[in-house]
Number of protein chains: 2
Amino acid sequence: MAGRVTIAQVAEEAGVSAMTVSNVISGKPGASDETRRRVLEVAAKLGYRPNQAARNLKTGRSGLVGLIALDLTNQYGLEILRGVADELAGAEQELLVNASYHDAGREKDRIEFLAGGLVDGLLLIAPVLEDETIELLRRRKLPCVVIDPRRLDVPLPRITVDNYHGMRQGTQHLIDLGHTRIAYLRGGEDLESTSIRFRGFQDAMRLAGLEVAEELVATCDFTYASGFRTAGRLISEHRPTALVAGADLLALGAIDAARSCGLTVPNDFSFVGFDDLPQAAQSFPGLTTVRQPLHDMGQKAALALLSLIEGQKLLMEHMELGTELIIRNSTAAPPA
Amino acid sequence: MAGRVTIAQVAEEAGVSAMTVSNVISGKPGASDETRRRVLEVAAKLGYRPNQAARNLKTGRSGLVGLIALDLTNQYGLEILRGVADELAGAEQELLVNASYHDAGREKDRIEFLAGGLVDGLLLIAPVLEDETIELLRRRKLPCVVIDPRRLDVPLPRITVDNYHGMRQGTQHLIDLGHTRIAYLRGGEDLESTSIRFRGFQDAMRLAGLEVAEELVATCDFTYASGFRTAGRLISEHRPTALVAGADLLALGAIDAARSCGLTVPNDFSFVGFDDLPQAAQSFPGLTTVRQPLHDMGQKAALALLSLIEGQKLLMEHMELGTELIIRNSTAAPPA
DNA sequence: CTGTTAGCGCGTTCAG
DNA sequence: CTGAACGCGCTAACAG
């Protein structure tokens, strides 16, 4: 119940038809400059604001894009979200953010709800995407782009990063510094990217003629606490000189674990993360990490979704973005 | 163009009128159990989903609540956001999140846009709120609740925390531990809460018979980097034994600054923050801090907004929530 | 360049 | 308890 003034009132006051007002307001052609000026003037005077609901009903569009993130507080998703928001700011679409809280049921619920007509398109960040949910999306014909899917083969337009080469490069950096006993912290096992990153690590090691000691590899959740605990065990029991983590949060937890063991970073121990979250730069020492272009992923995903919404065909169903090694101060040569 | 099926089709298939279908779907009385059952069955079979746009047009509601945060990546706002989201999950309202990026112009733009009919109500986190914007909100009669306003006297329903006693308690904790040379890091000067917190610090000091040395007080932005820089100077030039920060982010930066000066925390130096962001617990050592009930603030704000949307009068225009000192491991007695 | 006609899909009168 | 008609405010299509 925001704008009481209707298009009809403006039309009457300006002495034109409602159609003309509509055209002027939406910036369509087909209205002389003089008419346009008068309509705009009257609209301003009356304080006319188009009624979104009526417009939506007529056009069959809501002007809303849905985004389903895992969790509203993880920086990984939020960096992507920022990219999305930046891209959408140009288009006339607002962003409706939802979280699945890592729960497949809730994810399906939210998708079903949003796909029920609330949004014009959907962006999914690292979703579980059960087959049934995919089927739902296809049946509804809802434009949808997946960012960083858990399984690479989801039959939907998707954006991923080059996890393999990123991790290989990060590992190589430690090898180049002279490390040989390098530990590895795997992220969540339900993501295909976890295996791919690990393969990058393994290959880098193998190609350097180094052994991947089984006791130096451990798996944890994507949390600081999990990284702290798991790395603490790894470090105190097996004494590697460096550690590569499948995510920045894990690396940050691992660094604090090393500290709590009395080690100093990077003199006694080196760490490499993966993601380049804001925290990676805002920590002491700065974290050397493999950068995922999160903001860019968000932008590209939003752009692709917008063209899907406009009814255009996508140039590619799958887009893979590159990674980049960011060297900060958490890595150095191993102690002598 | 999500659900093709209309209420009319369901009505025909079920052999009743549209009216009845509408009543059944919206859970209104006035339909026999038998009819209700059949309608529901047919609706499910046909895959009927009510068209939001049509419903909105008719009811004059959008089912959307707008939230304007400062920045999509700061944890402070996100904790509040989580509270809001949790409360809204129960009501049938979706959340439309926007950011002002600390820009008054953009803030006004966004408010004006959302208030243009897109949302049923608005939640504002620490907004600038120029007079003109407040005027706009009043004119449009848009339900609105402000969380943590920059000026305490905004003429809108608002939720704040007890900054004064919180900070007094945090400071007292250091005094009790035996600290006397305590530095203070002020947050952004455009917030009234910055002065209030400082007054809490001053009073705690004064009441303990301690001097607030001018050179031990400095002002910075609400960022880690600013805390790092400013505290670094304070610590190296004036050698206090403890520091109180007007925000956790500042304290976290300050701790790293101390570390980069070769000090260990808390043995050489103690730190107290304010906020209790997730990072405060997820750092090493854990940060002793004054907890703001951010999640609760979000919930309470959402609840108040919902009742405003329902057209009910608010019990109180201003609600102030308490704070709580959370003692972790960043504080200890001063070095001997 | 402008006006007319006809709904979009729903909820809300009223009668029955 | 149910049905028929109307209209919310806007815009697509066409006519003028």
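A, B, ... follow the sequence lines: proteins, then strands. Residue 1 opens every chain. In this text the structure is predicted, and so the values were computed from the model without any measurement.
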**Q.** Length of the line joining Arg61(A):CZ and dA12(D):P, which is rounded to integer Å
**A.** 11 Å

Q. Once you round it to whole Å, what is the distance between C1' of dG11(C) and CG of Asn51(B)?
A. 13 Å

Q: Could you check how far CG of Asn56(B) sits from C1' of dC8(C), rounded to whole Å?
A: 13 Å

Q. Would you find a donor on one side and an acceptor on the other, under 3.5 Å apart, between the side chain of Ser62(A) and the backbone of Leu118(A)?
A. yes

(Q) Whole angstroms only, please: what is the CE-C1' distance between Met19(B) and dT13(C)? (A) 10 Å

Q | Given DNA chain D, 5'-ward residue of the pair Thr35(B) and Ala8(A), judged by closest heavy atom | A | Thr35(B)

Q.
Looking at Thr6(A), I'd like to know whether one of its side-chain N or O atoms comes within less than 4.0 Å of OP1 or OP2 on dC8(D).
A. no

**Q.** Whole-Å distance separating the CZ atom of Arg37(A) from the C1' atom of dC1(C)
**A.** 17 Å

**Q.** Along DNA chain D (nearest heavy atom to each residue), the more 5'-positioned of Lys58(B) and Val16(B)
**A.** Val16(B)

Q. Which whole-number value in Å describes the distance from Asn23(A) CG to dT4(C) P?
A. 14 Å

Q: Return the value, rounded to whole Å, for the distance between atom CD of Gln9(A) and atom C1' of dC10(D).
A: 14 Å

Q | Nearest-neighbour nucleotide for the Leu57(B) side chain, dC10(C), dG9(C), dC10(D) considered | A | dG9(C)

Q: Flag yes if more than 12 heavy atoms outside Glu12(A) fall under 6.0 Å of its CD atom; otherwise flag no.
A: no

Q) Arg55(A) side chain N/O closer than 4.0 Å to the phosphate oxygens (OP1, OP2) of dG9(D)? A) no

Q: For Glu34(B), look at atom CD and say whether over 12 heavy atoms of other residues, nucleotides or ligands are found less than 6.0 Å away.
A: yes

Q: State whether Thr59(A) places a side-chain N or O below 4.0 Å from either non-bridging phosphate oxygen (OP1 or OP2) of dC10(D).
A: no

Q | Salt bridge Lys300(A)-Asp296(A), side-chain N to carboxylate O under 4.0 Å | A | yes

Q: Calculate the interatomic distance between Ile7(A) atom CD1 and dC8(D) atom C1'; express it in whole Å.
A: 14 Å

Q. For atom CD of Glu132(A), is the number of surrounding heavy atoms from other residues, nucleotides or ligands below 6.0 Å larger than 12?
A. no

